[in-house]
Undergrad: 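Before anything else, here's the structure in question.
Values reported hereafter were calculated over all heavy atoms of this structure, with side chains retained and with hydrogens, waters and symmetry mates removed. The shown structure was predicted, so the numbers you read here are calculated from the model rather than taken from an experiment.
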Amino acid sequence: MEPSIPGPGAGLRVPRNDGGSVAPAPLGEWTPQALVSVVVPAYGGQDKLDLVLAGLAAQTYPPALMETVVVDDGSEPPLRLPELRPEGTRLVASESWGIAAAVAAGVRASRGAIVLRLDSDVVPAAAHVEAHARWHHLADYFAVVGKLAFADADVEALTPEGVRDAVAAGAVPSLFAGREVSGDWEIALVKESGGVVEDPVRAFTIANGATISFTRAMFDDCGGMDEAVRLGSDTEFGYRLAQHGALFIADGEAGAWHLGLSQLKTRRAEGKRYRRPFAANRIPPLRHLRSMPGVQWEVPYAEVVVDAAGARLEPVRATVAAVLGGTLADVAVVLTGPWSDLHEDRVPPLEDPLLDLRLIRETFRGDPRVAFAEEAPEGPGRVPFRLRLAPGAVLHRDGLEAMIAHADSRRLGRVDTAVPSKAGPLRVRLDRTAALARADRLAKPGESPDDLLAELWGAEAAAPDAWFAAGDTRPREIARLRAELARLEAAPPARRSLPRRAAGRLRRLLKG
């Protein structure tokens with residue numbers, strides 16, 4: 001493999017998504033060193049593919065450091081490579097079907113440290129590959145999106161030689177003279193920001209399949225493409241990259257022209273209808289897509305970790321019940337503890353040394369939102385937020401939702417707090433998993449990822465009052481039991497739903 005780009009722990013350290021603070025090398029005034037693999041997934045459209053390959057043959061990036069992999073996604077008749085094409089162009093067949101599977105096959109067949117995905121109907125400007133590649137020579141966690149315009153092109157009137165010459169001369173717009181051409185970014189977030197995408201929460205939404213580049217390391221680390229997503233896989237892939245620490249760049253000098261109007265213009269309603277359930281199930285930050293009450297989604301918005309090792313049932317039950325009964329419905333709970341120690345050997349039930357652990361498992365084992373693990377999850381993941389709660393820390397009904405909103409409004413990577421209790425402060429920590437990933441990726445040997453997270457994303461110590469019930473560590477549990485006890489004692493004997501013995505048990509629990 002050719003000389004590579006900076007690896008994990010090396011290169012620039014950029015906070016949040018502040019790509020505007022980074023000045024890339026001017027085009028034509030730097031020395032490329034890494035091999036770029038241009039992956040072109042294609043299904044039919046030989047005429048457009050020929051024009052795209054002609055445009056790639058006129059790139060300013062050194063031919064010796066560029067390879068092109070065209071992936072035939074089951075075309076009939078099969079695609080072929082035209083005579084006019086870049087050096088080192090290969091044609092491979094997809095092992096499955098769909099554009100996500102084709103991209104994945106192309107990446108597997110390629111060799112470059114940098115991967116540039118380009119659609120088979122997108123003609124690149126001469127410096128397109130160079131503009132993308134210069135960012136990846138600075139750090140390995142950038143994801144770069146080119147500036148895409150849509151042209152109502154008369155493809156039959158264009159020739160590969162004419163396209164190559166127009167690209168080389170910097171005159172691509174002349175190919176579409178008299179035709180409709182969109183003159184600005186098609187991505188709303190890029191328009192809003194004036195070309196510099198600084199919102200770290202929504203930055204991943206600029207990802208598109210027409211022109212996006214990333215490092216092979218980031219592709220592998222995030223798990224690559226979800227091949228089950230037939231439309232909208234680009235946004236889902238962008239979210240995966242973000243969750244593994246990617247910083248998104250919109251490069252206005254990486255120009256490209258789509259041969260034809262956007263599907264979102266010609267079949268907008270149908271496209272949105274198809275994409276919505278796939279995106280809603282996989283991309284939690286797209287909150288507007290999760291408007292149906294009672295639905296459990298594949299990827300939760302928050303993962304709450306409660307350490308049950310050595311804890312009593314009651315505080316764990318109060319903590320978990322508050323989480324599951326909160327206003328944030330798409331939440332998962334992980335109860336950590338020595339669950340493998342639980343056995344079915346004979347033991348006096350009330351003298352079981354693992355009595356509380358057993359009761360905790362029995363209380364929650366039927367709830368699909370609750371998982372049991374020996375160790376707490378660490379590092380990045382698909383879930384955007386991870387909240388660590390000590391048993392007895394009881395959230396208000398909207399506490400978790402409000403805590404996440406606080407982190408988002410301040411663009412924080414971590415929020416620390418402690419809930420007062422009779423036994424001492426109960427530690428609580430909310431982490432943004434994308435921030436954890438960035439810190440893990442850039443930390444050098446011996447460097448604290450926690451300190452780096454605070455530097456790159458920001459960390460805050462906050463008061464718990466707005467999010468947690470203060471004072472007694474079991475306020476909601478006790479309030480419920482007191483109300484039940486009062487109801488029992490006030491009812492006539494004939495109408496009591498529980499015998500006096502049950503009321504006695506409630507009194508003893510309140511005292512304990």
Undergrad: Would Arg240 and His244 count as having a side-chain donor-acceptor pair, cut-off 3.5 Å?
TA: no

Undergrad: May I ask you to decide if Trp297's main-chain N or O and Asp330's side chain share a donor-acceptor pair within less than 3.5 Å?
TA: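 Absent.
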
Undergrad: Closer than 3.5 angstrom, by distance alone: can the side chain of Arg386 be matched with the main-chain N or O of Gly379 as a donor-acceptor pair?
TA: yes

Undergrad: Are Leu138 and Val22 side-chain neighbours, meaning at least one heavy-atom pair lies under 4.5 Å?
TA: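 The answer is yes, as the side chains (C-beta and beyond) meet within the 4.5 Å cut-off.
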
Undergrad: Checking ring pair (Phe, Tyr, Trp, His ring centres under 6.0 Å) for the pair Tyr141/Phe214: CA distance, chi angles, key distance, verdict?
TA: CA-CA 7 Å; Tyr141 60 94; Phe214 41 85; over 10 Å; no

Undergrad: Hey, does Val428 have a side-chain heavy atom less than 4.5 Å from the side chain of Met403?
TA: yes

Undergrad: Looking at side-chain heavy atoms only, is the closest gap between Val419 and Val394 below 4.5 Å?
TA: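 No, every pair of side-chain atoms sits at 4.5 Å or beyond.
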
Undergrad: Establish, from distance only, whether the side-chain atoms of Thr327 and Asp398 form a donor-acceptor pair under 3.5 Å.
TA: no

Undergrad: Once rounded to the nearest 0.5 Å, what's the spacing between atom CG of Leu241 and atom CG of Asp221?
TA: 10.0 Å

Undergrad: Ignoring hydrogens and geometry, is there a side-chain-to-backbone donor-acceptor pair from Glu130 to Ala127 under 3.5 Å?
TA: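 Judged by distance alone, no pair lies under 3.5 Å.
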
Undergrad: Do Pro41 and Asp119 come within less than 4.5 Å of each other through their side chains, counting heavy atoms only?
TA: yes

Undergrad: Tell me if a side-chain donor or acceptor on Asp73 pairs with a main-chain N or O of Gly98 at a distance below 3.5 Å.
TA: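 Looks like yes, one N/O pair under 3.5 Å.
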
Undergrad: Do the side chain of Arg216 and the main chain of Val107 share a donor and acceptor less than 3.5 angstrom apart?
TA: yes

Undergrad: Hey, what's the ring geometry for Trp257 with Phe176, parallel, tilted or perpendicular (30° and 60° as the breaks)?
TA: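 Ring orientation, 0 to 90° scale: tilted.
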
Undergrad: When you measure from the side chain of Arg438 to the backbone N and O of Gly245, does any donor-acceptor pair fall under 3.5 Å?
TA: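 Yes: the side chain of Arg438 pairs with the backbone of Gly245.
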
Undergrad: Check the pair Phe248 / Phe204 against ring pair (Phe, Tyr, Trp, His ring centres under 6.0 Å), numbers first and verdict last.
TA: CA-CA 7 Å; Phe248 289 81; Phe204 75 90; 7.3 Å; no

Undergrad: Verify, without hydrogens or angle tests, whether Thr433 (side chain) and Pro380 (backbone) share a donor-acceptor contact under 3.5 angstrom.
TA: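 Checking the backbone N and O of Pro380 against the side chain of Thr433, no donor-acceptor pair under 3.5 Å is found.
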
Undergrad: Could you check whether any side-chain N or O of Ser110 sits under 3.5 Å from a backbone N or O of Gly112, counting only pairs where one atom can act as donor and the other as acceptor?
TA: no

Undergrad: With a 4.5 Å limit on heavy-atom distance, are the side chains of Leu453 and Asp450 in contact?
TA: no

Undergrad: Does Arg230 have any salt bridge (Lys or Arg N to Asp or Glu O under 4.0 Å) partners at least two apart in sequence or in another chain, and if so, which?
TA: none

Undergrad: Is the Phe142-His136 ring centre distance short of 6.0 angstrom?
TA: no

Undergrad: Keeping Gln59 on the side-chain end and Val129 on the backbone end, is there a donor-acceptor pair under 3.5 Å?
TA: yes

Undergrad: Would you call Leu452 and Glu447 a side-chain contact if the rule is heavy atoms closer than 4.5 Å?
TA: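 Of all side-chain heavy-atom pairs linking Glu447 with Leu452, at least one is under 4.5 Å.
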
Undergrad: Are side-chain heavy atoms of Ile114 and His132 found at a separation under 4.5 Å?
TA: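 Heavy-atom side-chain distance check fails, nothing below 4.5 Å.
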
Undergrad: Take Arg16 and Asp18 through the salt bridge (charged side-chain N to carboxylate O under 4.0 Å, His left out) test and state the conclusion after the steps.
TA: CA-CA 6 Å; Arg16 297 186 178 91; Asp18 189 14; over 6 Å; no

Undergrad: Please assess Glu253 against Arg134 for the test salt bridge (charged side-chain N to carboxylate O under 4.0 Å, His left out), listing each intermediate value before the final yes or no.
TA: CA-CA 11 Å; Glu253 294 186 286; Arg134 58 182 173 167; 2.8 Å; yes

Undergrad: Mark yes or no for whether Gln243, through its side chain, and Val383, through its backbone, hold a donor-acceptor pair below 3.5 Å.
TA: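 Side chain of Gln243 to backbone of Val383, a donor-acceptor pair under 3.5 Å: yes, one is there.
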
Undergrad: Check the pair Glu378, Arg388 against salt bridge (charged side-chain N to carboxylate O under 4.0 Å, His left out), reporting the backbone distance first and the verdict last.
TA: CA-CA 11 Å; Glu378 299 287 347; Arg388 297 179 186 274; 3.5 Å; yes

